[in-house]
Participant: 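One structure, pasted below without further comment.
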2 protein chains.
Amino acid sequence: MTETVPRPTLEAVAALAGVSRATASRVVNGGDGVREPLVERVRRAVEELGYVPNQAARSLVTRRHDAVAVVVAEPETRVFADPFFALQLRGISKELTAHDNQLVLLLTEGRDDHARVGRYLAGGHVDGALVFSLHLDDPLPGLIRRAGVPTVFGGRPGWNDGERGDVVYVDSDNRGGARDAVRHLVGLGRGRVAHITGPLDQTSAADRLDGYRDVMADADPRLIVPGDFTPAGGERAMRTLLDHCPDVDAVFAANDLTAAGALRVLREQGRRVPDDVAVIGFDDMLPVAEQTDPPLTTVRQDIEGMGGLMARLLLRGHGDRVTAQAAGEVAGAGAAEEAGGGPSGVVLPTTLVRRASA
Amino acid sequence: MTETVPRPTLEAVAALAGVSRATASRVVNGGDGVREPLVERVRRAVEELGYVPNQAARSLVTRRHDAVAVVVAEPETRVFADPFFALQLRGISKELTAHDNQLVLLLTEGRDDHARVGRYLAGGHVDGALVFSLHLDDPLPGLIRRAGVPTVFGGRPGWNDGERGDVVYVDSDNRGGARDAVRHLVGLGRGRVAHITGPLDQTSAADRLDGYRDVMADADPRLIVPGDFTPAGGERAMRTLLDHCPDVDAVFAANDLTAAGALRVLREQGRRVPDDVAVIGFDDMLPVAEQTDPPLTTVRQDIEGMGGLMARLLLRGHGDRVTAQAAGEVAGAGAAEEAGGGPSGVVLPTTLVRRASA
DNA sequence: TTGAAAGCGCTAACAT
DNA sequence: ATGTTAGCGCTTTCAA
């Protein structure tokens, strides 16, 4: 990996253009306060030599890196099962690219890796971090806080508010979306609306359950069955449901994958969808929701948009800590900002997408 | 993103330990040639101050970055549809982490981005690159070659050999795997074995088709139907197949997703699997292959292993260009090395996994 | 074995 | 508006 041909330095550019290194630097960094003829000459020299600034040298003096870490905890879980993560990554990448920032990906597998990530973030290699997939007891937030790196979390963090409140996150309106879904089911005249939950140690799953409860305040507890965001979990849950409550006439599944599993069992058991049982999912994961039989009515969230927003929030916090106020400003219309103490975040709206299953 | 507390420098460590900066540096970098008592003192000082080396300063002098770029072209395509990409990424990440390298992710969306990637790679920000998802006419290889960055490609590149042969890639034995699958079908006594292809501008799809042809040299051409690696494509193809060749009794699908689509149509049309029609997929994408009805017999490839191998190949090329020879050595048992001119690569073996569909 | 000193390539005061 | 100069924090000769 040796550099075969030594790359040209600013010095070389300056020499060729017949100016000082300082002037050459100014031109390379935008050219403010340099007169046109010189700018032109430097530009030409840059072109001719194929000059590319040495980022290491630049960082050494500016103490900036134009790089952001994306930390994904426990990729074994959900991350690799559905395209969720990939879509967020795409949103992030687009935004970072637009601002000339690099994306440093940090995947962690269990506890040991957390220390490594902490060290890396503390090492001042990046200007900020985007952090995903935190569970309730995750030690990462603490490490990150100590590292002193500006951070935006993906999804509402689940830890206690004891951690003090200057935590910024971006999330979908899981609770509101769930409410919409369940209301739709009720509006269809369904009286026995069940819910297959996600893993409740993730806030997204917990929030969706809360949304269900908002509408079905006094539902039969047997109508709430645990799932795990996978099709297999959805199948299991649906079997349990059919067993305990054969009169169920609607199911709100915590995500599309779960709904897909439930649909399979319903068909297998000869229940017609939506005639006998109406089904709604969550996510609007296209490859899933459009492929099911029948196509899935579901709650859409703008996953790619979430990623982009996270990046924007982080970048705009430049030179400062990322604050909830800034978050609100950047998020713009459609997003709701949480009030009061505790973690503060930007919550993106969801929309119900009607297909054939409900 | 201001540095609130100035991080301790090597200077500070040296001072606290009562040694010169040079000695402190030696200890931090392994401690060779420094006597034990001093090593100990420096270590303690590092600990006490929470010293972390400034990577920018280090890179400036060493001209190394301990960072590798992962370039993924056209994420809109396959990349986000199945967990393939995520698994490779995981394999890469593990390997890089084990060697204290960082992973810089470069996602591209179309032509404009290629220039950006080229510039980045040419900028000497990373020690090497891992490149994925190249299509036949991709301009990226040229840019990369010019950038002079050591590179390993994921999957056999499809461009002409005119580009000269010192290209290293890692791939699965797509052709051999396909042969195994089709032979298995034939061994089951099936005489009308069809193939639903992938997008043939990707070498993986082309190679699988070649493997099919190796066994079914004089098959009815109508038994070969184009697909696109998606379930929808698989459905379409299966319908066409049933239309044109109602007597088909086996299908080798180019990947599991395609097979899943085909299975759906078969069930819908009342054909029993595997009794009437046997089906084999490719990939052994667990969440897909185990969830289908019936569970899918398929060709397994070690996706995560491919990623890891790519990273190992690149890292071991350290200080030198990555060569096919090195590739062979690193790959070890089970891998076949391509001989002769043209792109040279390491080909990982596949295995047939029998489930219920064939 | 250890230390002194010379840069790596760049930006940012400060002078002019 | 442009040039001069002093580092940024580190590794690496070279001397001792």
Side-chain angles (χ1 to χ4, degrees), chain A residues 1-3 5-43 45-46 49-67 100 122-125 127 319, chain B residues 1-3 5-43 45-46 49-67 100 122-125 127 319:
Chain A
M1 312 208 177
T2 315
E3 211 66 17
V5 182
R7 285 144 30 63
T9 70
L10 234 207
E11 187 75 56
V13 171
L16 180 57
V19 301
S20 75
R21 209 171 56 215
T23 296
S25 172
R26 290 182 186 112
V27 173
V28 169
N29 292 286
D32 298 1
V34 179
R35 261 200 272 271
E36 196 38 56
L38 287 197
V39 172
E40 197 42 46
R41 262 159 55 197
V42 173
R43 291 250 158 83
V46 165
L49 296 174
Y51 169 78
V52 183
N54 180 319
Q55 185 61 44
R58 183 181 272 173
S59 290
L60 189 52
V61 30
T62 62
R63 285 144 184 301
R64 297 195 11 213
H65 306 266
D66 297 318
D100 266 305
H125 303 293
D127 301 324
Chain B
M1 312 205 175
T2 314
E3 211 66 15
V5 182
R7 284 145 29 67
T9 69
L10 234 209
E11 187 75 57
V13 172
L16 180 58
V19 300
S20 74
R21 209 169 55 214
T23 296
S25 172
R26 290 180 187 116
V27 173
V28 168
N29 292 287
D32 298 0
V34 179
R35 260 199 271 273
E36 195 39 56
L38 287 198
V39 172
E40 197 44 45
R41 261 156 60 196
V42 173
R43 290 251 158 84
V46 165
L49 296 174
Y51 170 76
V52 182
N54 179 319
Q55 186 61 44
R58 181 179 275 173
S59 291
L60 188 52
V61 28
T62 61
R63 288 142 183 300
R64 294 191 12 208
H65 301 85
D66 297 320
D100 266 305
H125 303 294
D127 301 323

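Labels below follow one simple rule: chain letters A, B, ... track the order of the sequence lines, proteins then strands, and each chain is numbered from 1.
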Participant: Roughly how bent is the helix from dT1(C)-dA16(D) to dT16(C)-dA1(D) end to end, in steps of 10 degrees, with each end axis from five pairs?
Facilitator: 40°
Participant: Would you call N54(A) and L60(B) a side-chain contact if the rule is heavy atoms closer than 4.5 Å?
Facilitator: yes
Participant: Mind checking side chain to side chain contact (heavy atoms under 4.5 Å, CB included) for R26(A) and listing every partner two or more places apart, or none if nothing turns up?
Facilitator: A22(A), T23(A), V34(A)
Participant: Output all residues satisfying side chain to side chain contact (heavy atoms under 4.5 Å, CB included) with D100(B), sequence neighbours left out; order by chain, then residue number.
Facilitator: none
Participant: Please name the pair of heavy atoms, one in V28(B) and one in Y51(B), separated by the smallest distance, quoted to 0.1 Å.
Facilitator: CG2-CE2, 4.0 Å
Participant: Identify, with sequence neighbours excluded, every residue that meets side chain to side chain contact (heavy atoms under 4.5 Å, CB included) alongside R43(A).
Facilitator: V27(A), V39(A)
Participant: Anything under 4.0 Å to a heavy atom of chain A counts; send over the first and last such nucleotide of DNA chain D, read 5' to 3'.
Facilitator: dA1(D) to dG9(D)
Participant: What is the distance from atom OG of S59(A) to atom NE2 of H65(A), rounded to the nearest 0.5 Å?
Facilitator: 5.5 Å
Participant: Among all residues two or more places apart in sequence or in another chain, which pass the side-chain hydrogen bond (donor to acceptor under 3.5 Å, both in side chains) test with E40(A)?
Facilitator: none
Participant: With H125(A), which residues qualify under ring pair (Phe, Tyr, Trp, His ring centres under 6.0 Å), at least two apart?
Facilitator: Y120(A)
Participant: Among residues two or more places apart or on two chains, list those pairs meeting salt bridge (Lys or Arg N to Asp or Glu O under 4.0 Å) that have a residue in residues 50-59 of chain A.
Facilitator: none
Participant: Summarise how protein sits on nucleotides 8-16 of chain C as a single string, 5' to 3': B when a protein heavy atom is under 4.0 Å from the base, S for sugar-phosphate-only contact, - for no contact.
Facilitator: BBBBBB---
Participant: Not counting sequence neighbours, which residues clear side-chain hydrogen bond (donor to acceptor under 3.5 Å, both in side chains) with R41(B)? List them please.
Facilitator: none
